[in-house]
Amino acid sequence: MSLREIQNILNTQNIGPEELMRCALGIKTTEIRAYCILVNKGPITIQDATEYMNKSRSTAQRLLQNLVEKGLAIRDEELIGLGGYKFIYKSVPPEMLKASIKDSLDRWYKKMIEELDDLPEKIAELSCDV
């Protein structure tokens, strides 16, 4: 997410859940939709995901894998007949998502305050050739 996009979100009157998730977690709209499907449809297979998301199998797999890598989903293996298996994806609880966003915002706020505290010295160090 660009600095301009973050500024736009911070300056808006109403920040919705999608803007909050995009800004704090750096996830895309398609990933937010995939997470919401996991929350509302319960544990799903790739086959279910392609249907619910109206995406190709590879796109659905990539979206769900992105959620797993970002800590927003869990992937479990389920054994099926003759030694095969299938993957089942489920969301982390929304309360864990909330905690993750809060942690991210707290770290960001602390960093911004530290930068603000050092601002006078850093401005003095800037090259101001005119």
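Just so it is clear, the structure is predicted and the values come from calculations on it, not from any experiment. All residue numbers refer to positions in the sequence shown, counting from 1.
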Asks: Please round to the nearest 0.5 Å and tell me the distance separating atom CG of Leu38 and atom CG of Leu63.
Replies: 10.0 Å

Asks: Report yes or no: do Ile80 and Ile44 belong to one cluster of Ile/Leu/Val/Met/Phe/Trp/Tyr joined by side chain heavy-atom distances under 4.5 Å?
Replies: no

Asks: Have Thr45 and Asp48 got a donor and an acceptor in their side chains that come within less than 3.5 Å?
Replies: yes

Asks: Checking side-chain contact (heavy atoms from CB on, under 4.5 Å) against Glu69, which of Leu67, Asn66, Leu72 comes through?
Replies: Asn66

Asks: If you measure from CD1 on Ile74 to CG on Leu64, what distance do you get to the nearest 0.5 Å?
Replies: 13.0 Å

Asks: In terms of hydrophobic clusters joined by side-chain contacts under 4.5 Å, are Tyr109 and Leu116 together?
Replies: no

Asks: Between Lys102 and Asp106, does the salt bridge (Lys or Arg N to Asp or Glu O under 4.0 Å) criterion hold? Intermediate values first, please.
Replies: CA-CA 6 Å; Lys102 184 176 181 330; Asp106 287 344; 3.0 Å; yes

Asks: Can you name the side-chain hydrogen bond (donor to acceptor under 3.5 Å, both in side chains) partners of Glu77, sequence neighbours left out?
Replies: none

Asks: Test side-chain contact (heavy atoms from CB on, under 4.5 Å) on Leu97 and Met21 and set out the steps.
Replies: CA-CA 9 Å; Leu97 173 68; Met21 291 171 72; 3.8 Å; yes

Asks: State, to 0.1 Å, how close Gln47 and Thr50 come at their nearest heavy-atom pair, and which atoms those are.
Replies: O-OG1, 2.7 Å

Asks: Could you state the interatomic distance from CD (Gln65) to CZ (Phe87), rounded to the nearest 0.5 Å?
Replies: 8.5 Å

Asks: Please answer: with hydrophobic residues joined when any side-chain heavy atoms are less than 4.5 Å apart, are Val68 and Ile88 in the same cluster?
Replies: no

Asks: Is Asp103 salt-bridged to Arg107, going by a charged N under 4.0 Å from an acidic O?
Replies: yes

Asks: Let me confirm one number: the OH-CG distance from Tyr35 to Leu25, rounded to the nearest 0.5 Å.
Replies: 9.5 Å

Asks: Mind running side-chain contact (heavy atoms from CB on, under 4.5 Å) on Glu31 and Lys70 for me, showing each step along the way?
Replies: CA-CA 10 Å; Glu31 293 169 331; Lys70 293 175 180 180; 3.0 Å; yes

